[in-house]
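Within every chain, numbering begins at 1; the chains are lettered A, B, ... in the order of the sequence lines, protein sequences first and strands thereafter. On a predicted model such as this, the values are computed, not experimentally measured, just so you know.
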Number of protein chains: 2
Amino acid sequence: MATRDDVARLAGVSPSTVSYVISGRRTISDATKAKVLSAMRELNYTPDAFAQGLAGSRRGILALHFPTSVDGYSSTEFEYVTAAMERARALGYHMLLWSNPMTDVMGLESLVGQKLVAGVLLMEVSINDPRFDVLRRANIPFASIGRPDDSEDLSYVDNDFAEAGRIAVDYLADLGHHSLMYINVSVQDQKAGNGPATRTARAIGDAVAGRGLRMQEVPVENNARGGREALEIYLAMDPRPTAVLALKEFATAGFVNAAGMASLRIPEDLSVIALGVGDRSAEMVAPALTTVAPSGERISHAAVDALVQQIEGRTTGAVQELITPQMMVRDSSGPAPR
Amino acid sequence: MATRDDVARLAGVSPSTVSYVISGRRTISDATKAKVLSAMRELNYTPDAFAQGLAGSRRGILALHFPTSVDGYSSTEFEYVTAAMERARALGYHMLLWSNPMTDVMGLESLVGQKLVAGVLLMEVSINDPRFDVLRRANIPFASIGRPDDSEDLSYVDNDFAEAGRIAVDYLADLGHHSLMYINVSVQDQKAGNGPATRTARAIGDAVAGRGLRMQEVPVENNARGGREALEIYLAMDPRPTAVLALKEFATAGFVNAAGMASLRIPEDLSVIALGVGDRSAEMVAPALTTVAPSGERISHAAVDALVQQIEGRTTGAVQELITPQMMVRDSSGPAPR
DNA sequence: CTGAAAGCGCTAACAT
DNA sequence: ATGTTAGCGCTTTCAG
């Protein structure tokens with residue numbers, strides 16, 4: 001592979017001149033610029049990223065920490081990843097997908113210590129997430145999709161859960177529903193401090209109290225079996241709630257499908273609203289799920305922007321943004337039965 | 001941040017000694033090793049990845065090319081990504097997710113020219129994929145998940161589509177089905193040379209001929225609407241096939257859900273088998289889909305292994321592996337109606 | 001407007 | 001068993 005010196009030789013200029021026509025950090029005469037450019041093309045030259053990174057200050061790689069989960073991932077979560085990836089590309093950065101467990105603090109320290117990446121974007125943030133301390137200590141730019149409870153000086157972009165709770169509950173209350181069930185993540189996930197679960201529970205609780213409704217919470221695992229369990233619990237309730245708010249798509253699908261088997265009619269007997277579930281997943285289920293969810297693309301884009309702003313040093317303090325979720329009424333919700 | 005020279009100074013040894021205790025490429029006395037290690041710890045030292053990459057030969061990053069698609073991605077496809085990511089990590093490599101469009105040959109050339117990555121893993125391979133030529137010319141190690149038609153000297157891991165076709169068709173034939181419908185990807189995707197679609201069509205065609213069955217092919221887009229269109233076409237057929245083989249999960253879900261709305265009973269009136277769809281997606285649908293699919297994890301692991309073998313120079317020629325798909329009978333298939 | 005030269009923080013060959 | 005030294009291919013000062 002050709003190096004910068006090869007180009008310089010062919011063009012009959014000094015090596016640094018080649019660098020300067022590439023970086024544009026110096027005014028170069030059109031004549032030499034042309035010579036250099038044509039030499040570059042002839043040799044099919046591309047600067048070596050490692051040499052650039054070592055010599056210069058810019059290391060154009062971002063890490064996206066997407067911790068592995070036993071539950072597997074949904075297409076909804078994948079949307080966040082692809083959106084972040086595309087935004088990074090648009091801003092001239094490569095994206096390193098980093099999947100070590102969330103608890104692997106040592107691994108994160110070492111990733112950062114290697115200085116391979118210019119900044120880190122965190123996903124799957126818990127309310128007491130240990131990664132923030134590591135990153136703060138390491139003095140590396142970072143931002144997060146989601147936020148911990150103590151987020152004062154942090155740069156993050158998150159769903160506006162309070163708004164999501166209000167939207168969903170207002171919608172149901174206006175349709176005459178008085179009694180709700182909330183399908184939460186598993187107790188284990190709640191203990192682990194799952195951010196969306198925690199905030200959604202608070203938000204719905206507040207909204208329910210504000211409208212004078214009743215709500216019962218049911219924790220299940222996010223898979224078809226969890227959804228079936230939730231249905232059994234639902235069937236055993238007396239009186240039964242007329243609406244269900246649910247957090248995760250696999251459990252929600254399991255619930256809806258089991259309800260169908262049990263000859264419960266959705267939405268005639270029971271309304272279901274999926275929170276935070278993407279459009280593709282919502283339409284895989286029958287009846288198609290009414291959802292309240294933020295645009296994953298908007299969240300990821302804003303988060304990457306926040307990170308890059310820090311990296312490039314053009315920011316005054318932390319960027320904090322809450323994305324307003326949108327309600328998409330599909331076929332799983334309607335007026336309360338009388 | 002501390003550098004290697006800082007560590008050497010603190011430990012009272014030469015800089016290269018520090019390098020050697022890290023790499024283990026030289027026998028070091030326990031005494032000095034201890035000194036160095038403690039100095040490293042005290043300074044919280046981690047070697048700089050860019051310096052290591054520039055000076056040495058090892059550049060521990062793999063690129064995973066996951067081209068952007070307008071259709072969005074399913075959780076099934078995401079499984080391939082996470083599995084590849086984890087295998088890379090286990091083998092001591094970082095994973096760069098690269099999402100430029102498949103046709104961005106220039107971009108690929110430049111990524112490779114930068115020498116940022118030690119090798120490239122291709123996903124979403126089409127039968128006449130332009131990326132292989134680029135990579136071959138660039139003389140960089142690469143492997144693929146999926147394969148083009150001309151794959152003689154290539155390293156790839158792919159689903160054994162012929163086997164998948166046999167498994168699915170034999171199963172249906174043994175249950176008394178004579179007439180099948182095959183829900184293919186859109187005509188546009190077929191023209192683009194979608195590998196799984198092309199090979200599945202061939203495989204099913206062969207298997208159907210071998211068992212003396214009939215088959216009709218229906219191309220639709222991979223979304224809920226496409227599935228509904230497929231159902232309309234199905235309903236218009238006379239006589240109607242008793243079994244449907246389908247390729248993509250969003251279209252399949254749309255078809256099954258629309259069938260339910262039309263009061264078609266699955267599997268009593270009609271069997272549905274989803275090809276290449278993962279377990280999580282199969283269970284989001286009601287009735288849960290019978291699937292014939294390879295383990296995405298196995299494919300990704302084998303593909304990363306093949307790539308790393310090339311990078312590390314311990315391979316004799318191309319590694320080519322076909323992964324046998326497994327049938328998972330769920331609730332969407334059964335005996336042909338009489 | 002352009003060149004020369006000093007690093008960036010390492011690896012690995014060449015010493016002893 | 002350890003030290004010395006020549007690069008790796010760039011960016012960026014310093015010098016015209």
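- For B:Arg25 and D:dA1, the CZ to C1' distance is 17 Å, given to the nearest whole Å.
- Put simply, the side chain of B:Ser16 and the base of D:dT4 share a donor and an acceptor less than 3.5 Å apart.
- The interatomic distance linking A:Lys115 (NZ) with C:dC8 (P) rounds to 11 Å, in whole Å.
- At a threshold of 4.0 Å, the pair B:Arg137-B:Glu109 counts as salt-bridged, since one of the basic side-chain nitrogens sits closer than that to a carboxylate oxygen.
- Within a 6.0 Å sphere centred on CZ of B:Arg58, heavy atoms belonging to other residues, nucleotides or ligands number more than 12.
- Residues A:Pro15 and B:Lys33 both approach DNA chain D. Their nearest nucleotides, taken by heavy-atom distance, put B:Lys33 toward the 5′ side.
- Nearest to the side chain of A:Tyr20, among C:dA4, C:dA13, D:dT13, sits D:dT13.
- Under 4.0 angstrom from either OP1 or OP2 of D:dA1 there lies no side-chain N or O belonging to B:Thr32.
- A salt bridge links A:Arg136 with A:Asp153: the distance from a Lys NZ or Arg NE/NH1/NH2 to an Asp or Glu carboxylate oxygen falls below 4.0 Å.
- Among the protein residues, B:Ser29 comes within range of the sugar-phosphate backbone only, with heavy atoms under 4.0 Å from sugar or phosphate atoms but none that close to a base.
- Looking at heavy-atom distances under 4.0 Å, B:Thr17 makes contact with sugar-phosphate atoms alone, never a base.
- An OP1 or OP2 oxygen of C:dG9 is reached within less than 4.0 angstrom by no side-chain nitrogen or oxygen of B:Thr3.
- Applying the ring-ring contact (aromatic ring centres under 6.0 Å, His included) test to residues at least two apart or on different chains, none of the pairs has a partner in residues 9-34 of chain A.
- With C:dC1, C:dA15, D:dA1 as the choices, the nucleotide that has an atom nearest any side-chain atom of B:Arg26 turns out to be C:dA15.
- Residue B:Asp6 contributes atom CG, which lies 11 Å from atom P of C:dC8 at whole-angstrom precision.
- In this structure, B:Phe78 and A:Phe78 have parallel ring planes: the angle between them is below the 30° cut-off, well short of the 60° mark.
- Look at A:Thr27 and you'll find a side-chain N or O under 4.0 angstrom from OP1 or OP2 of C:dC1.
- Contacts with DNA chain C (heavy atom under 4.0 Å) in residues 45-60 of chain B: B:Tyr45, B:Pro47, B:Asp48, B:Ala51, B:Gln52, B:Ala55, B:Gly56, listed by number.
- Between the P atom of C:dA4 and the CZ atom of A:Arg9 lies a distance of 13 Å, rounded to the nearest Å.
- In this structure, B:Met1 atom CE and C:dG9 atom P are separated by 11 Å, rounded to whole Å.
- Residue A:Ser23 is out of contact with every strand shown, counting any heavy-atom pair closer than 4.0 Å.
- Checked for salt-bridge contact, B:Asp30 and B:Lys35 miss the test: no charged N lies under 4.0 Å from a carboxylate O.
- For B:Tyr156, the ring-ring contact (aromatic ring centres under 6.0 Å, His included) test picks out no residue, with sequence neighbours left out.
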